[in-house]
Protein chains: 2
Amino acid sequence: MTLSKSSVRNRLLQAMSEDDFARLAPHLEPVTLSVKQVLVEANEPIEYVHFLEAGLASVVAISPDNERLEVGHIGREGMTGEPILLTVDYTPHQTFIQVAGSGLRIRADDLSAAMEGSPSLKGLLLHWVQVLMIQTAQSALANGRFAIQERLARWLLMCHDRMDGDDLPLTHEFLSLMLGVRRSGVTEALHVLEGVKIVRTSRGRIHLLDRARLEEIAGACYGLPEAEYARLIGLPLKN
Amino acid sequence: MTLSKSSVRNRLLQAMSEDDFARLAPHLEPVTLSVKQVLVEANEPIEYVHFLEAGLASVVAISPDNERLEVGHIGREGMTGEPILLTVDYTPHQTFIQVAGSGLRIRADDLSAAMEGSPSLKGLLLHWVQVLMIQTAQSALANGRFAIQERLARWLLMCHDRMDGDDLPLTHEFLSLMLGVRRSGVTEALHVLEGVKIVRTSRGRIHLLDRARLEEIAGACYGLPEAEYARLIGLPLKN
DNA sequence: TCGGTTCTGTACGAATTCGACCAAGAGAAT
DNA sequence: ATTCTCTTGGTCGAATTCGTACAGAACCGA
């Protein structure tokens, strides 16, 4: 019994035609995804590509002296392993699970074969690559031109977009890695948000209370990749 | 009389098969490129794609409040207008000429058509997209984790890779825009390099004296995208 | 040659962020 | 209940970078 399109929650799968979905469905395999699980290892061949159904994955760049920084943010609106879409077998970046969830995986070969047979499928997935590029560029802009407060706000918004409720299971330590700042810098910035009741925090979790005001704080730092997603994929990133 | 492959200096054109080159050649049109010329305007349809032969172009992200920052760096190793390769018609980023030069332009439609007819051509150009993505990610990493001195070194190296001599025609003002720092910060960082005789500067020019030591200063900030270029395109980025 | 524009050198205090540290709290494991 | 580990709150001085300002130098066009 193969999957039906109406039962999947991944927005790329939802966005494709019945035909294209039918090409992939026989090869899709449900998997659960646990925190810190590595989906794409740096410099190792990509065997599976994952369409996320729930949870959150990060693409991180790793410098030779082991500095790390998030350069991509993927939830149920997207898929991991984008080099496969560009006929590239591996990448120096690593992709791993930040927030546990589930997904549908497919062998890279099977996906490539399906794309070869369907220009519309290929088009959709290449559009997804474009969204990822714009997202990465936005990260570069954020890191270069915006303060911690704004970057934190952006990150929380991106995370919230991809989660079901308003609870984000994140530690300060973890956020500091993603944002490329020191841990107590995250603590301080979160206290500011908590002080004006935009979030409420407890150990290992951040509860979002007022998304509208968080967007105000993020300001120009947030929104552009999300708008491009809607334009290019044809569905809003967040329900 | 169409172009011959041996006469072009663009490395993507050099890297493709005679067959693929022959598909493009009839549509390629030589153009000179002057400083500040816009090759891809933000949010406007991309009409032409440019294979650079000399000079340098930058892709910049523009935030709603008009902050700007370089997120891509393209010389004769590449081409502009990468959204076309992803079947995307326009992009929120702008691409313009930083260092005057020349190139071969082709109508976006003609390039798309040529790609449709040749998997190998499509593969090569998609590999180029991957290189650009890694470069953008590296910019994000650089902006987030490295100091001005290292970022400046990285930028000078990237520029030098794409120029013919050791003279880089760049103003401090311009570098400050690219790096996302204030102008006098660039002046100070350049003085450091000048003090140890890695560069010599004069109004509007930076003359590179000792590339090896500049690479040492850039450290982990430089090199990864360049290595991926060689791997994926099959030619070294710099001769 | 002159006047205007662009570019560079330099200075100042202010703001941000860092790095390193320690102590207290929360939860998990025994 | 006790111990251990992870997470958070908070501090310190130091380093980096900022914003702004101004003056002189180099270049350009008339």
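Every chain is numbered from 1, with letters handed out A, B, ... down the list of sequences. What you see is a predicted model; the values in this text were computed from it and never measured.
- The distance from atom CG of Asn143(B) to atom P of dT16(D) is 18 Å, rounded to the nearest whole Å.
- Rounded to whole Å, the distance from CD on Glu173(A) to C1' on dG25(C) is 17 Å.
- Side chain of His127(B) to backbone of Leu232(B): a donor-acceptor contact under 3.5 angstrom is found.
- One atom, CZ of Arg151(A), and another, P of dC18(C), lie 8 Å apart when rounded to the nearest Å.
- In this structure, Arg183(B) atom CZ and dA11(C) atom C1' are separated by 12 Å, rounded to whole Å.
- Across all their heavy atoms, His50(A) and Arg105(A) have their closest contact at CD2-CB, 3.6 Å.
- As judged by a 4.0 angstrom heavy-atom cut-off over every strand, Glu188(A) is placed among the base-contacting residues.
- Of the residues near DNA chain C, Arg182(B) and Gly144(B), the one whose nearest nucleotide (by heavy atom distance) lies more toward the 5' end is Arg182(B).
- The distance from atom CG of Leu179(A) to atom P of dC18(C) is 10 Å, rounded to the nearest whole Å.
- Following rounding to the nearest Å, Glu150(B) (CD) and dT16(D) (P) show an atom-to-atom distance of 10 Å.
- The shortest distance between the side-chain N/O atoms of His172(A) and the OP1/OP2 oxygens of dC6(D) is not below 4.0 Å.
- A donor atom on one side chain and an acceptor atom on the other are not found under 3.5 Å apart for Thr201(A) and Arg205(A).
- One interatomic measurement links the two molecules: CZ of Phe146(B) to P of dT17(D), which rounds to 13 Å at whole-angstrom precision.
- When each of Ile148(B) and Arg203(B) is assigned the nucleotide of DNA chain D bearing its nearest heavy atom, the one mapping closer to the 5' terminus is Ile148(B).
- Atom P of nucleotide dC6(D) and atom CG of Leu170(A) are separated by 18 Å, given to the nearest angstrom.
- Note on Gly185(B): nothing from the nucleic acid sits closer than 4.0 angstrom, heavy atoms only.
- Salt bridge status for Arg154(A) with Glu150(A): absent, with no side-chain N to carboxylate O gap under 4.0 Å.
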